[in-house]
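Everything on this sheet refers to the single structure shown next.
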Amino acid sequence: MSAASPRKRVAALISGRGSNMLSLMAAARQADYPAEIALVFSNKPDAPGLETAKDAGIATAALFHKDFASREDFERAMQDILLAHKIDLVCLAGFMRLLTPWFVEQWTGRMINIHPAILPSYKGLHTHARALADGVKLHGATVHFVVPEMDAGAIIAQAAVPVLDGDTPETLGARVLIQEHVLYPLALKLVASGAAKIIDGKVLTGETANGETLVVPSPSLQGA
Ligand code: GAR
């Protein structure tokens, strides 16, 4: 990065184990990565990911949402912490709280989320079980800008995995998670560097040619 474009200060918001947070931290260790993880915040003071971040020398903060009278009170306190740490971009990384329009609007175009499905299919919870129940052959993950409507903002990047005979929500979820760890650092890089541009509500990333195609079941195995 040149001196003219300092690394963006990122807050990773987590509620649990924080494996996506870890993938962002690992990417941000590269000298030319356009973002640094400046804060890990959780709405659960006992989230295992907080310890992991602390051990890596990253600033952490936690506010238990149940200690607040309302969703708004919790978010105003969270916002104060983000501002105190001079955060430029927010990455929701398994942050399992719905956010109010007020909070989302504080971060318009500067807050992204990873969702374990190929949006706009399977918004909400239990995405792997629902994909299996429908019998889809491709499933995956999406990183998108956050808007007030849940899981609905402009899509930055997506990854697909095959759904295999005998999959359970756990085996499918594990296959998706591996791709989440590739996808989120890539998407954050696109946003932090300014390469991802929102035009007419859609994200353009500069991608114009990609020869890789995933067909399930594999045509080569079927003799096609
Ligand atoms: C990830 O699979 C993420 O996509 C999902 O929670 C998991 C968090 O895991 N997020 C959502 O479901 C948001 N609706 P992690 O704590 O190991 O990153």
Side-chain angles (χ1 to χ4, degrees), residues 10-29 35 37 39-56 58 60-62 64-65 71 75 78 89-101 103-104 107 111-133 136 138-163 167-191:
V10 170
L13 272 49
I14 66 168
S15 297
R17 80 195 142 177
S19 72
N20 277 289
M21 167 206 81
L22 261 183
S23 76
L24 297 177
M25 282 165 45
R29 271 185 219 114
I37 309 305
L39 175 70
V40 173
F41 173 90
S42 182
N43 65 313
K44 294 203 172 161
D46 59 353
L50 283 174
E51 271 319 298
T52 317
K54 250 182 233 164
D55 290 347
I58 291 177
T60 61
F64 189 35
H65 59 275
R71 210 174 268 279
E75 290 181 352
M78 174 166 69
L89 294 171
V90 173
C91 287
L92 304 182
F95 188 67
M96 304 309 273
R97 293 291 299 158
L98 283 179
L99 297 166
T100 67
F103 184 80
V104 172
W107 295 96
M111 177 157 63
I112 65 179
N113 177 48
I114 188 155
H115 180 74
I118 301 179
L119 291 172
S121 294
Y122 306 116
K123 296 175 179 178
L125 298 175
H126 310 302
T127 56
H128 310 312
R130 287 158 58 209
L132 286 174
V136 297
L138 286 170
H139 185 49
T142 301
V143 179
H144 62 94
F145 284 104
V146 177
V147 295
E149 191 187 334
M150 188 185 66
D151 300 332
I155 291 167
I156 302 159
Q158 296 186 301
V161 303
V163 179
D167 260 337
T168 64
E170 290 70 32
T171 59
L172 180 56
R175 194 174 307 118
V176 171
L177 191 65
I178 290 169
Q179 296 311 314
E180 291 187 42
H181 297 160
V182 177
L183 192 68
Y184 214 175
L186 167 70
L188 175 58
K189 184 177 183 177
L190 290 170
V191 172

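Predicted model only: the values in this text are computed from it and were never measured. Ligands are counted one by one from 1 in listed order, and the atoms in each one are counted from 1 as well.
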Which N/O atoms of ligand 1 sit under 3.5 Å from a protein N/O, and at what distances?
from     : atom 1 : to     : atom 2 : distance (Å)
ligand 1 : 2 (O)  : Glu180 : OE1    : 3.1
ligand 1 : 2 (O)  : Glu180 : OE2    : 2.9
ligand 1 : 4 (O)  : Glu180 : OE1    : 2.7
ligand 1 : 4 (O)  : Glu180 : OE2    : 3.4
ligand 1 : 9 (O)  : Arg17  : NH2    : 3.2
ligand 1 : 16 (O) : Gly18  : N      : 2.8
ligand 1 : 17 (O) : Arg17  : NE     : 2.5
ligand 1 : 17 (O) : Arg17  : NH2    : 3.4
ligand 1 : 17 (O) : Ser19  : N      : 2.8
ligand 1 : 17 (O) : Ser19  : OG     : 2.5
ligand 1 : 18 (O) : Ser19  : N      : 3.4
ligand 1 : 18 (O) : Asn20  : N      : 2.9
ligand 1 : 18 (O) : Asn20  : ND2    : 3.0

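For residues 44-54, the salt bridge (Lys or Arg N to Asp or Glu O under 4.0 Å) pairs, not counting sequence neighbours, are Glu51-Lys54.
When all heavy atoms are compared, the tightest approach of Ala160 to Leu138 is CB-CD2, 4.3 Å.
Take Leu125 and apply the side-chain contact (heavy atoms from CB on, under 4.5 Å) test, not counting sequence neighbours, and it matches Met96.
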Please tabulate, for side-chain N and O atoms in residues 147-155, each donor-acceptor pair with protein atoms closer than 3.5 Å (sequence neighbours left out).
from   : atom 1 : to     : atom 2 : distance (Å)
Asp151 : OD2    : Gly124 : N      : 2.8

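Using modelled atom types, one finds no donor on one side chain facing an acceptor on the other under 3.5 Å when comparing His144 with His115.
In this pair, His139 and His128 present their aromatic rings perpendicular. The plane angle is above 60°, beyond the 30 to 60° band.
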